[in-house]
Amino acid sequence: MIERFAERLADWQKRHGRHDLPWQQRGPYETWISEIMLQQTQVQVVIPYFNRFVASFPSEEVLAAAPIDDVLAHWAGLGYYSRARNLHRAAQVIMQEHQGSLPNDLEALIALPGIGRSTAGAIVSLGFGARGVIQDGNVRRVLSRVFCISGDLSKSIAQNQLWDLADTLTPDGGAESKVHAQAMMDLGSLICRRSKPKCEACPVADDCQALQRNAIAKFPERKQVKQRQDELWVMLQLVNANEETLFIKRPSPGIWGGLYSPPIGLSLNQLAADLLGNEQIETEYAGAINHTFSHFRVRIEHYVASVNAADVRVGEWCRTERFQKGVPAPIQHILSREEIK
DNA sequence: TACGCGTGGGA
DNA sequence: TTCCCAAGCGT
């Protein structure tokens with residue numbers, strides 16, 4: 001193994017790494033919340049969500065006792081809403097089985113919903129200051145370059161190599177492990193970036209096999225994303241005599257599971273039939289948006305109809321600007337924008 | 001193992 | 001515009 005890799009990395013981290021992120025210098029609870037929010041989500045996007053979330057839910061106990069609608073309202077716009085549902089369930093498990101505070105051992109953490117191997121390692125090292133191994137996108141990119149790991153890094157063959165390397169490089173001491181975990185992520189984020197890496201400023205450039213081969217751009221390999229067929233959805237905004245809109249809780253699991261929106265379906269006629277029986281209603285086209293999900297694209301056409309609230313038996317009525325529960329980002333955008341046509 | 005699961009940033 | 005992908009996990 002490489003001589004003094006962790007030592008040089010730690011020295012760099014203390015001078016040039018990130019030390020002022022809002023979840024640093026806090027406790028295991030804040031580390032946990034931040035790690036869940038940061039899954040597949042960029043740091044700058046997470047920061048305002050994190051601050052609002054921990055202000056409203058400052059402990060496992062408060063989070064566990066909160067209504068799921070409140071938790072999801074704080075998550076609205078952040079995406080991957082199963083993270084919030086799992087977070088809430090995990091808080092309740094913590095109250096019932098772990099005396100109200102996050103467990104500090106790896107296996108107990110992984111047993112909680114929403115916490116996998118990498119998040120558990122991050123909580124152990126960053127949250128508890130004990131030895132823990134992490135494996136996120138930054139670490140994968142650094143390791144794939146330093147050791148020239150080729151192929152799709154999400155495949156098990158590469159995963160085994162990466163976890164072995166990450167474990168080997170992690171120092172034994174708890175305090176050193178914590179610095180190391182932060183250092184690997186900071187190196188990947190600030191120096192060993194996806195594009196235009198700053199190799200001249202890298203503390204472990206001498207150890208980097210990809211750099212020595214002048215092949216930085218070849219690692220990690222791009223993985224191909226298969227495109228799914230585009231979809232067309234229609235959203236029917238029913239408005240009553242009080243100018244209130246009908247919101248329905250979306251099923252989970254599923255897209256936007258647990259969030260609220262006006263009824264969405266594949267056909268206007270089907271939606272109207274489901275909501276109002278066979279009554280004829282007059283709808284007005286109010287525009288459309290295109291939205292890209294992680295795995296497909298959709299065009300959402302927006303229709304508005306005035307109805308008698310007594311004719312609808314599901315959902316809840318509220319003026320759009322006063323609705324306090326979680327609404328998906330593109331739906332919020334449709335409902336809050338100036339209607340052009 | 002492969003897919004489902006959001007949103008926004010950056011090239 | 002289009003694409004990749006960012007502190008991944010659950011099934």
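Within every chain, numbering begins at 1; the chains are lettered A, B, ... in the order of the sequence lines, protein sequences first and strands thereafter.
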request  = Tell me what A:Ala329 touches on the nucleic acid: a base, only sugar-phosphate, or nothing, going by heavy atoms under 4.0 Å.
outcome  = sugar-phosphate
ask   = Can you tell if the side chain of A:Arg15 reaches within under 4.5 Å of the side chain of A:Asp11, non-hydrogen atoms only?
value = yes
query = If you check the A:Ser156 side chain, which of B:dG9, B:dT7, B:dT1 turns out closest?
reply = B:dT1
note = Sorted by number, residues from residues 41-60 of chain A placing a heavy atom under 4.0 Å from DNA chain B are A:Thr41, A:Gln42
query = With sugar-phosphate meaning primed atoms plus P, OP1 and OP2, does A:Arg18 contact a base, only sugar-phosphate, or nothing at under 4.0 Å between heavy atoms?
reply = base
task = Determine yes or no for a side-chain-to-main-chain donor-acceptor pair under 3.5 angstrom, with A:Arg140 supplying the side chain and A:Pro220 the backbone.
result = no
inquiry  = So A:Asp230 and A:Arg299, do their side chains get closer than 4.5 Å, heavy atoms only?
reply    = no
request  = Would you please confirm or rule out a distance under 4.0 Å between OP1 or OP2 of B:dC5 and any side-chain N or O of A:His295?
outcome  = yes
inquiry  = On the nucleotide B:dA2, are OP1 or OP2 found under 4.0 Å from the side-chain N or O atoms that A:Lys155 carries?
reply    = yes
remark   = Here the distance between atom C1' of B:dG9 and atom CZ of A:Arg194, to the nearest Å, is 9 Å
Sugar-phosphate, base or nothing in reach of A:Gly77, heavy atoms under 4.0 Å = sugar-phosphate
request  = For nucleotides C:dC9 and B:dG8, find the distance between their P atoms and express it as a whole number of Å.
outcome  = 23 Å
note = side-chain hydrogen bond (donor to acceptor under 3.5 Å, both in side chains) pairs touching residues 105-123 of chain A, sequence neighbours excluded, are A:Gln39-A:Thr119
task = With heavy atoms under 4.0 Å as the rule, sort A:Ile115 into base, sugar-phosphate or nothing.
result = sugar-phosphate
request  = Sorted by first residue and then second, give each ring pair (Phe, Tyr, Trp, His ring centres under 6.0 Å) pair with at least one member in residues 307-329 of chain A; sequence neighbours left out.
outcome  = A:Phe247-A:Phe323, A:Tyr260-A:Phe323
Boundaries of the chain A footprint along DNA chain C (any atom under 4.0 Å from a heavy atom) = C:dC4 to C:dG10
ask   = Between A:Arg8 and A:Asp207, is there a salt bridge with N-O shorter than 4.0 Å?
value = yes
Pairwise 5' ranking along DNA chain C for A:Ala120 and A:Phe293, keeping only the more 5' one = A:Phe293
inquiry  = Can you confirm whether A:Ile157 is buried at CD1, in the sense that more than 12 heavy atoms of other residues, nucleotides or ligands lie under 6.0 Å from that atom?
reply    = no
task = Classify the nucleic acid contact of A:Trp23 as base, sugar-phosphate or nothing, counting any heavy atom under 4.0 Å across all strands shown.
result = base
request  = Return the residues of residues 78-94 of chain A meeting this criterion: a heavy atom under 4.0 Å from some atom of DNA chain B. Order them by number, or give none.
outcome  = A:Leu78, A:Gly79, A:Tyr80, A:Tyr81
Nearest-0.5 Å distance, CD of residue A:Gln40 to CZ of residue A:Arg83 = 8.5 Å
Residues within residues 249-261 of chain A bordering DNA chain B, heavy-atom distance below 4.0 Å = A:Gly254, A:Ile255, A:Trp256
request  = Could you pull out the closest heavy-atom pair between A:Gly114 and A:Ile36, with the gap in Å?
outcome  = O-CD1, 3.5 Å
message = Around atom CD of A:Gln332, are there more than 12 heavy atoms from other residues, nucleotides or ligands closer than 6.0 Å?
response = yes
query = OP1 or OP2 of B:dT7 sitting under 4.0 Å from any side-chain N/O of A:His291?
reply = yes
inquiry  = A quick test of your reading: do over 12 heavy atoms of other residues, nucleotides or ligands sit less than 6.0 Å from NE2 of A:His19?
reply    = yes
inquiry  = I'd like the P distance from C:dA7 over to B:dG4, given in whole Å.
reply    = 24 Å
task = Under 4.0 Å between any heavy atoms, over every strand shown, what does A:Arg222 touch: base, sugar-phosphate, or nothing? Just pick one.
result = sugar-phosphate
ask   = Which is true for A:Ser294 with a 4.0 Å heavy-atom rule: it touches a base, it touches only sugar-phosphate, or it touches nothing?
value = base
